[in-house]
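Read the numbers this way: they start at 1 and go in the same order the structure lists the ligands and their atoms.
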Amino acid sequence: MKILILGGDGYLGWPTAMHLTAQGHNVAVVDNYLRRSLCREENVEPLVDVPNLHQRTASWESTSGYHIPAFIGDLTKWEFVDEVFREFSPEAIIHYAEQPAAPYSMLNRSAATLTLCNNLEVTANVIFAVQQFNPDVHIVKLGTMGEYGTPDIDIEEGWLEVDHKGRHQKFLYPRQAGSLYHTTKIMDTDLLWFYVRTWGLRVTDLMQGPVYGIFTEENRIDENLYPFLNYDELFGTVLNRFVIQAVADYPMTVYGKGGQTRGYLNLMDTLNCVRLSVENPAAKGELRILNQFTETFSVNQLAQKVQRVARSMGFKADISAVENPRKEAEEHYYNPAHTGLLDLGLKPQFLTDKVLAEMIEFAAKHKKAIRPEQIYRKVRWDHNLT
Ligand SMILES: NC(=O)c1ccc[n+]([C@@H]2O[C@H](COP(=O)([O-])OP(=O)(O)OC[C@H]3O[C@@H](n4cnc5c(N)ncnc54)[C@H](O)[C@@H]3O)[C@@H](O)[C@H]2O)c1
């Protein structure tokens with residue numbers, strides 16, 4: 001299939017591009033390096049340097065023989081979107097191109113506005129481009145499990161059957177996000193649902209949990225092919241952060257009571273989930289919602305797992321309960337469904353000691369590059385925006 005990956009320079013986008021070409025698909029990537037420029041502005045950087053998209057596509061072509069055209073530009077700009085769609089004519093689109101960090105979205109007024117405008121404008125442009133160029137194109141959009149929040153009832157896959165005063169209707173499952181970033185994802189889902197109903201588009205919205213890991217089948221041969229591994233509070237995801245904190249002898253920063261429970265998945269599972277979604281498209285006029293994670297853990301459980309494995313490798317790996325800068329339940333019920341992707345054929349790769357040990361080994365190899373001052377800057381949820 002001809003697949004256009006929006007956000008192809010990102011943590012998930014680049015590994016997806018390599019994976020899909022290795023599986024025989026014809027892939028192009030689009031990115032404006034927003035993630036890189038926000039990191040530079042905030043003085044944070046990934047653990048290992050990541051070559052730019054042209055350099056990475058060249059490295060991948062020389063090791064694998066697969067060519068990936070790269071379009072560099074801003075998807076909030078219609079002229080650019082128009083040019084990309086005219087040149088590539090995709091059959092499917094994987095839409096990763098958003099500002100993806102909750103703490104960044106809560107940092108200050110300009111970060112909040114950027115997150116809101118960027119995420120919604122890109123999603124709107126993707127919808128408008130599909131309608132204009134080929135309404136049959138399947139949009140695979142990355143949402144987040146954070147859209148559901150932590151309700152005191154079981155979380156279903158996207159939809160809830162409601163009986164009310166003797167009548168019945170299926171609705172989008174109620175959503176109540178815990179950050180502005182997560183709220184933009186809810187708004188994305190609403191936009192997609194509106195245009196699925198109005199224009200009969202074909203959409204899969206993947207409610208993904210936090211992803212961990214750096215290795216994939218395609219990148220082990222060449223360090224130049226690794227994705228970003230951020231460990232700072234703004235852009236790092238929790239397990240990647242804990243691994244690097246353990247190696248840096250920086251006590252793992254558990255927020256508050258540490259009972260916050262979420263669904264997690266390995267980077268390799270993300271690639272398989274997205275591939276399975278593309279290869280088994282939603283029907284025309286369908287908004288298919290799949291919960292994309294493989295296991296649930298509390299923050300305490302994650303920290304304890306990292307501690308146990310890191311200690312067996314000679315690291316101190318202390319854990320420290322820090323004041324929670326966020327506004328969130330620290331102990332709560334959490335029981336989300338996640339059978340849709342398993343039904344499509346996903347074979348999960350669980351968080352084993354071996355997987356953790358490999359991540360710890362990688363972080364240890366690059367220990368000298370760790371800048372501890374990046375790790376915790378206490379972006380508060382309850383401050384006044386400036
Ligand atoms: N990483 C996770 O744990 C996780 C979990 C749940 C959902 N998601 C979602 O998955 C998607 C990808 O996440 P990621 O971790 O790879 O983030 P990322 O920041 O590494 O990748 C997103 C990419 O999109 C690009 N981008 C953003 N706005 C753009 C624009 N206007 N024009 C062109 N390119 C633009 C960025 O430069 C970046 O390279 C996001 O939508 C995110 O919300 C990620």
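Under a 4.5 Å side-chain heavy-atom cut-off, the cluster of Ile, Leu, Val, Met, Phe, Trp and Tyr residues that includes F228 is completed by V50.
Listed by chain and number, the residues in a side-chain hydrogen bond (donor to acceptor under 3.5 Å, both in side chains) with D49 amount to none (sequence neighbours excluded). Y250 meets the ring-ring contact (aromatic ring centres under 6.0 Å, His included) test with no other residue; sequence neighbours excluded.
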Every pair of nitrogen or oxygen atoms between ligand 1 and the protein that is under 3.5 angstrom apart - can you list them with their distances to 0.1 Å?
| unit_1 | atom_1 | unit_2 | atom_2 | d |
| --- | --- | --- | --- | --- |
| ligand 1 | 3 (O) | V211 | N | 2.8 |
| ligand 1 | 8 (N) | Q208 | NE2 | 3.4 |
| ligand 1 | 16 (O) | Y11 | N | 3.3 |
| ligand 1 | 16 (O) | L12 | N | 2.9 |
| ligand 1 | 19 (O) | R35 | NH1 | 3.0 |
| ligand 1 | 20 (O) | Y11 | N | 2.8 |
| ligand 1 | 20 (O) | R35 | NH1 | 2.8 |
| ligand 1 | 28 (N) | N118 | ND2 | 3.1 |
| ligand 1 | 31 (N) | D74 | OD1 | 2.9 |
| ligand 1 | 31 (N) | N118 | OD1 | 2.8 |
| ligand 1 | 32 (N) | L75 | N | 2.9 |
| ligand 1 | 34 (N) | N32 | N | 3.3 |
| ligand 1 | 34 (N) | N32 | OD1 | 3.0 |
| ligand 1 | 37 (O) | D31 | OD1 | 2.6 |
| ligand 1 | 37 (O) | L34 | N | 2.9 |
| ligand 1 | 37 (O) | R35 | N | 3.0 |
| ligand 1 | 39 (O) | G10 | N | 3.3 |
| ligand 1 | 39 (O) | D31 | OD1 | 3.2 |
| ligand 1 | 39 (O) | D31 | OD2 | 2.7 |
| ligand 1 | 41 (O) | Y96 | O | 3.3 |
| ligand 1 | 41 (O) | K185 | NZ | 2.7 |
| ligand 1 | 43 (O) | Y181 | OH | 2.5 |
| ligand 1 | 43 (O) | K185 | NZ | 2.9 |

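Within 6.0 Å of atom NZ in K327, 12 or fewer heavy atoms from other residues, nucleotides or ligands are found, so the atom counts as exposed in its surroundings.
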Ring pair (Phe, Tyr, Trp, His ring centres under 6.0 Å) assessment of F215 paired with Y226: CA-CA 7 Å; F215 300 111; Y226 290 155; 5.7 Å; yes
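Taking a cutoff of 4.0 Å between a charged side-chain nitrogen and a carboxylate oxygen, D353 and R308 qualify as a salt bridge.
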